[in-house]
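Heads up, the thing below is written out as structure tokens.
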Amino acid sequence: MLLDRFLPRIEFDSYEDFKENYRVNVPENFNFGFDIVDEWAEQEPDKMALIWCDDNGNEEKFTFTDISRLSNQTANYFKSIGVKKGTVVMLILRRRWEYWVCATALHKIGAILIPGSLQLSRKDLIYRGNSAGIHTIVCVDDPYVIEQVEAAEKEVMSIQNKILVGEKRDGWRCFADEAYTFSDKFPRPEGSEATKADDIAIVYFTSGTTGNPKMVQHNHAHPLGHIVTAKYWQQVQEDKLHMSVSDSGWAKFGWGKIYGQWICGAVIFCYDFKKFIPTKLLQKIQDYKLTTFCAPPTMYRFMLQEDVASYDLSSVQNFATAGEPLNPEVYNQWKKLTGKEIREGFGQTEGSVLVANFPWITPKPGSTGKPAPLYDIHLITEDGKEALPHEAGSLTICNLSRNYPTGLFTGYYKNPEMSALILGGGEYCPHDVFKPDEDGYYWFIGRNDDVIKCSGYRIGPFEVESALVAHPAVIECAITAAPDPIRGNVVKATIVLAKGYSPSDALTRELQDFVKKNTAPYKYPRIIEYVDELPKTLGGKIKRALIRKENFENK
């Protein structure tokens with residue numbers, strides 16, 4: 001077991017004990033590739049690391065010894081084409097098993113890994129390539145990805161190598177043909193090439209909902225911050241299968257499909273689907289007898305449109321969710337059908353899990369849970385005071401100058417001015433608003449700019465959205481402000497209807513009355529718009545800012 005190398009204590013008696021006494025020891029030269037992957041391979045050569053499958057009947061299984069060997073070959077290959085410590089490499093690999101191999105190799109070298117989404121356009125790639133100085137790009141053989149990379153590369157002068165995983169193609173290096181011809185020995189670098197825990201290891205581009213995406217940088221210690229994410233929120237178990245649903249292009253992949261899970265010795269299960277079909281995902285959970293599972297609330301909502309009770313999900317001991325707030329109705333339906341709670345967690349690209357329903361906490365439907373250890377988290381009101389129960393406050397991580405949390409980002413890559421502005425004051429505020437209750441649970445209201453001010457009231461979108469999705473006609477929705485000549489702003493609901501329902505004036509009145517009965521009447525949506533789908537970021541989050549902007553432009 002590797003956890004005892006990093007945690008002075010692993011077991012805790014209560015949430016209060018956990019919050020007060022959890023600590024993580026960070027070795028000065030910690031490197032995920034050597035100190036986790038290679039160490040597991042050394043300790044238990046046959047220990048399973050990854051089970052991968054897709055919709056075409058393909059399945060691959062890898063031990064830590066396999067990942068160690070393949071990543072060593074890949075590290076030698078990368079070095080042969082000019083990748084070294086500090087070199088920036090982008091991976092656009094969807095959920096291909098090669099991602100784990102390439103990421104481990106890059107960490108061993110000390111290169112800077114940038115995960116990239118399959119949906120990145122030519123414009124996105126030009127912006128990212130020039131902003132970060134991307135040297136090498138490794139892509140899955142997806143026609144859209146290939147087209148966009150080839151269209152962008154002439155405007156990104158830093159790109160030296162294009163590598164394709166899968167089919168061969170003119171103008172591209174072939175990963176399988178080249179990488180696995182190299183030695184499977186890769187000694188730990190020494191001297192100036194050696195990595196330290198505070199060296200930059202990963203750069204994530206944010207979703208860019210309010211401007212150009214920012215480059216969030218994490219150091220080599222960042223994976224250790226995800227021990228809390230994996231063990232104490234997702235509750236992964238050593239040698240048992242864990243699945244988090246995420247594309248490799250996003251921080252949630254780091255949250256749920258590699259770092260904390262492998263540190264804990266769990267087996268990562270990856271279903272590499274191209275299109276989300278709820279029944280197929282339910283079948284995989286049943287067939288592979290997963291022990292822990294994490295997916296965004298939207299996926300739970302779509303699975304609940306199917307006959308969940310007809311699938312045997314009894315092997316799953318813990319369901320978790322993050323990415324968007326979990327509506328109480330979804331929580332209640334899932335518990336009724338499976339007998340298991342869904343434990344919500346909250347965090348950002350900039351850190352590990354910040355607030356969650358940990359093992360000692362009985363979840364309250366609609367609550368995000370309680371603050372994670374390591375982070376000194378407070379809810380601060382507009383007048384700078386600590387929020388009282390049921391009073392809104394912005395989540396703020398305090399005392400950074402005294403104790404910088406393991407797992408929190410260390411700044412914005414190549415932007416020291418913004419880094420100093422956001423982190424230099426000793427606090428970090430991600431602008432998310434919560435209310436605490438008498439028991440210390442946090443209840444999400446919305447981002448500062450999503451809160452609606454109407455006739456003197458402050459209305460958080462999540463509460464109204466939760467009321468709406470409790471109605472069987474609503475599969476998902478977004479609550480935003482819309483202009484009104486008398487009230488200034490009113491509440492607008494943009495709704496995706498469930499199967500079997502069609503837009504009508506009668507349905508609009510029914511939904512409005514339903515909200516009035518299930519929350520404070522003044523919060524009901526005075527405007528309802530029906531759409532086929534909601535606009536979302538590449539990471540799957542609803543673009544409320546875009547909807548709000550269109551509301552005011554089209555007034």
Side-chain angles (χ1 to χ4, degrees), residues 245 275-283 285 293 295-311 313 316 319-321 323-344 363-368 443-444 446 459-480 482 490-536 540-542 544 547:
V245 184
K275 181 180 179 181
F276 167 54
I277 299 175
T279 52
K280 288 188 176 182
L281 181 56
L282 287 163
Q283 191 70 46
I285 298 172
F293 176 83
T298 296
M299 288 192 170
Y300 284 102
R301 285 196 289 268
F302 277 98
M303 285 190 285
L304 285 168
Q305 296 293 305
E306 309 298 336
D307 185 10
V308 174
S310 67
Y311 295 88
L313 309 182
V316 182
F319 291 99
T321 192
E324 286 276 310
L326 177 67
N327 306 106
E329 181 64 19
V330 175
Y331 173 96
N332 291 329
Q333 286 187 50
W334 194 262
K335 186 174 181 180
K336 180 180 179 181
L337 289 169
T338 67
K340 304 285 175 58
E341 301 148 331
I342 302 174
R343 292 184 177 268
E344 184 177 357
K364 295 183 180 182
S367 169
T368 311
W443 299 78
F444 183 74
I459 302 170
F462 177 57
E463 185 178 1
V464 186
E465 289 169 0
S466 293
L468 275 168
V469 298
H471 192 286
V474 181
I475 193 167
E476 62 177 351
C477 64
I479 294 297
T480 56
V490 294
V491 176
K492 175 186 174 182
T494 306
I495 292 175
V496 177
L497 292 175
K499 290 184 289 187
Y501 289 89
S502 301
S504 68
D505 292 341
L507 179 59
T508 294
R509 289 191 296 272
E510 181 180 336
L511 292 174
Q512 289 172 327
D513 290 341
F514 187 79
V515 172
K516 290 178 184 179
K517 292 176 183 177
N518 286 278
T519 187
Y522 69 85
K523 297 179 181 180
Y524 86 94
R526 294 176 182 271
I527 302 172
I528 291 181
E529 178 184 5
Y530 300 100
V531 296
D532 293 331
E533 60 182 359
L534 295 174
K536 294 179 180 177
K541 293 186 178 182
I542 296 170
R544 292 180 183 83
I547 298 173

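Counting begins at 1 with the first residue of the sequence.
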To the nearest 0.5 Å, what is the distance between [atom1] ([X]) and [atom2] ([Y])?
{"X": "Leu337", "Y": "Leu313", "atom1": "CG", "atom2": "CG", "value": "9.5 Å"}
{"X": "Ile479", "Y": "Ile528", "atom1": "CD1", "atom2": "CD1", "value": "8.0 Å"}
{"X": "Ile285", "Y": "Met303", "atom1": "CD1", "atom2": "CE", "value": "5.0 Å"}
{"X": "Glu533", "Y": "Ile542", "atom1": "CD", "atom2": "CD1", "value": "11.5 Å"}
{"X": "Cys477", "Y": "Asn327", "atom1": "SG", "atom2": "CG", "value": "7.0 Å"}
{"X": "Arg343", "Y": "Tyr331", "atom1": "CZ", "atom2": "OH", "value": "7.5 Å"}

Pair Glu306 + Lys499: basic N to acidic O under 4.0 Å =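 Here Glu306 pairs with Lys499 in a salt bridge, since their nearest N and O are under 4.0 Å apart.
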message = So that I can tick it off, tell me whether Glu324 and Lys536 are bridged by a salt bridge, with the cut-off set at under 4.0 angstrom between side-chain N and carboxylate O.
response =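 No.
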Give a yes or no on whether the backbone of [Y] and the side-chain of [X] come within a donor-acceptor separation of less than 3.5 Å.
{"X": "Arg301", "Y": "Ile475", "result": "yes"}
{"X": "Lys340", "Y": "Phe319", "result": "no"}
{"X": "Ser466", "Y": "Phe462", "result": "yes"}
{"X": "Ser310", "Y": "Asp307", "result": "yes"}
{"X": "Glu476", "Y": "Val496", "result": "no"}

If I compare all heavy atoms of [X] with all of [Y], which pair ends up nearest, and what's the gap?
{"X": "Ala473", "Y": "Tyr501", "answer": "CB-CD2, 3.4 Å"}
{"X": "Leu497", "Y": "Ser502", "answer": "CD1-C, 3.6 Å"}
{"X": "His471", "Y": "Phe514", "answer": "N-CE2, 3.5 Å"}

Derivation and outcome, side chain to side chain contact (heavy atoms under 4.5 Å, CB included), residues Val245 and Phe293 = CA-CA 8 Å; Val245 184; Phe293 176 83; 3.9 Å; yes
key: From CA spacing to verdict: side chain to side chain contact (heavy atoms under 4.5 Å, CB included), Leu507, Tyr530   = CA-CA 11 Å; Leu507 179 59; Tyr530 300 100; 3.8 Å; yes
message = Would Ile495 and Leu511 count as a side chain to side chain contact (heavy atoms under 4.5 Å, CB included) here? Give the steps.
response = CA-CA 10 Å; Ile495 292 175; Leu511 292 174; 3.8 Å; yes
request  = Would you please test Arg526 and Tyr524 for side chain to side chain contact (heavy atoms under 4.5 Å, CB included) and show each step?
outcome  = CA-CA 6 Å; Arg526 294 176 182 271; Tyr524 86 94; 3.1 Å; yes
message = I'd like to check the side chain to side chain contact (heavy atoms under 4.5 Å, CB included) partners of Thr321; sequence neighbours left out, ordered by chain and number.
response =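 Once residues adjacent in sequence are excluded, the partners of Thr321 under the side chain to side chain contact (heavy atoms under 4.5 Å, CB included) criterion are Pro297, Tyr300, Leu326, Ile342, Glu344.
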query = Side-chain donor-acceptor pair under 3.5 Å between Thr279 and Tyr311, yes or no?
reply =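 No - no donor-acceptor pair under 3.5 Å links their side chains.
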